[in-house]
There are 2 protein chains.
Amino acid sequence: MSKCEQCIVREFSSLKALGKDELLKMAECKTSMQVKKGEIIFEEGENVNGVFCIKDGVCKMTKLSQNGKDQIVKLVKKGELLGQRSMISDEPANLSAVALEDMQVCFIPKNEIMGFFNQNNNFSMNVMKTICGDLKEADDILVGLAQKTVRERLAYTLLYLEETFGINPDKSLKLQLSREEIAGMIGTATESCIRLLSELKKENAIELIGKKIIIIDRNKLLRIAN
Amino acid sequence: MSKCEQCIVREFSSLKALGKDELLKMAECKTSMQVKKGEIIFEEGENVNGVFCIKDGVCKMTKLSQNGKDQIVKLVKKGELLGQRSMISDEPANLSAVALEDMQVCFIPKNEIMGFFNQNNNFSMNVMKTICGDLKEADDILVGLAQKTVRERLAYTLLYLEETFGINPDKSLKLQLSREEIAGMIGTATESCIRLLSELKKENAIELIGKKIIIIDRNKLLRIAN
DNA sequence: ATTATAATATGATAATTGTCATATAAATTT
DNA sequence: AAATTTATATGACAATTATCATATTATAAT
């Protein structure tokens, strides 16, 4: 069992407020696990009973809509916690979490985390701020979905992916999503997404090499996204 | 200055966790105010420096998008608090709050509320649960915007308005929104909203009497909304 | 390596939604 | 009460987006 004290990732999450003794306690009750690309961490409707701390990798938070399509609500990466909302509301998960890359995550059971809430005010405050950040983000995405065209949202999403997850040495977006997943982020049909990507390619804003996407003209995308 | 202790509305918000002494302290530093229909309580980008407790009335939380349209993100009614997110994140407001009816609100300054966070764990937990509820709601609306048609969203919104704010003796929706505001909730052009309302009327799902909307066939709307 | 399967791409077309113009009705102002 | 402004309504049309069909390419399985 690895030590939470020495885990660098902890520094990036709400857990940074925890003291040495708390970290030692946590290390004892946590469960480390490997999650392979495509595997489900938890599903919508499931009782999670704790939070997952992402040590490495990226996952998508999705919700299945009546038309059978998965909407991606949020991408979560290394250093962030999963399942906080569900735990605090004491409700089943509202979203599913699915690995987009091979991941390393630690599960910390609910009663452990809830204990920290009572003992450690900084920790509560950190969690609260994170959730407030998520709420702001969700509101902003909501407005974008309501008021922007698919093309605008696509341009914005490409820039977001570059900024948030970076690029490879060949300049392609590091986080490789399928066309279907990109469509699920911007809220459109897969074919529309593919078509608009082709258009952006024709307009020399991006380059498409197989699954890889390379942003050539950042300013053009910015202009399209508004 | 009215007493917070005797304010019934308090019972419906996070503030119900506060004890007598805390309520007395709060009553001393709060500011009561009347807000007329159409007036702005606070605006996007503004520093709020406290929370508003809604004693009576309903307001809309909106965000202006680049195309100049106001998207309504949420409706807030009697018993709820405004400006919590902004206060906790220590950021300017992300949304504007505008009265949809004549309102009575109390302003409680930031330092007072922040004190309660440290002293009273139940209060923190209540606030956290409220924000978690808001986040879930925002995620659900987001998925609806991404995956449902305007017609489906309109049907859903009419049912939501009935359920949340009730109906008048003549069966019309109690909360009277303009067509523009309804359009701002479902994320569409005002003309599209008007046209689809007319369609629903032709299909005998609703009745339109001036600004008033009466739901005739609830099941039909439910079927449309999915 | 070959086959099977899934992902990407594109055309054709239909459906949805937005925009602009204009009419009518309602609310406000003078 | 008349005039002005604003909100609602509807037609005509354009733009956007979804759907279905069908290639083509990439990936996985045998």
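Chain letters run A, B, ... following the sequence lines, proteins first and then strands; every chain starts at 1. Side chains included, hydrogens not; waters and symmetry mates left out as well; all remaining heavy atoms used. Given the structure is predicted, the values throughout are model-derived calculations rather than measurements.
Within the nucleic acid shown, A/K148 has no heavy atom closer than 4.0 Å to any nucleic acid atom. Residue-level contact check: B/T188 touches the backbone only, with heavy atoms under 4.0 Å from sugar-phosphate atoms and none from bases. Heavy atoms of A/K201 sit nowhere under 4.0 angstrom from any nucleic acid atom.
In this pair, B/F52 and B/F107 present their aromatic rings tilted. The plane angle is within the 30 to 60° band.
Comparing C/dG18, D/dA18, C/dA9 by their closest approach to the side chain of A/S192 singles out D/dA18. Checking D/dA9, C/dT19, C/dA9 against every side-chain atom of A/L208, the shortest atom distance belongs to C/dA9. Which of C/dT17, D/dC20, C/dT8 sits closest to the side chain of B/T149 comes down to C/dT17.
Within the structure, every side-chain polar atom (N or O) of A/K212 is placed at least 4.0 Å from both OP1 and OP2 of C/dT8. Taking side-chain N and O atoms only, B/R195 has no distance below 4.0 Å to OP1 or OP2 of D/dA9. Between B/S178 and D/dA7 there is no side-chain N or O to OP1 or OP2 distance below 4.0 Å.
In this structure, B/K78 is not positioned above the aromatic face of B/F12 in the sense of NZ or CZ being under 6.0 Å from the six-membered ring centre and within 45° of the axis.
Distance, B/L154 CG to C/dT16 C1': 14 Å, rounded to whole Å.
Checking A/G187 against A/K211, the closest nucleotide of DNA chain D that is more toward the 5' end is the one next to A/G187.
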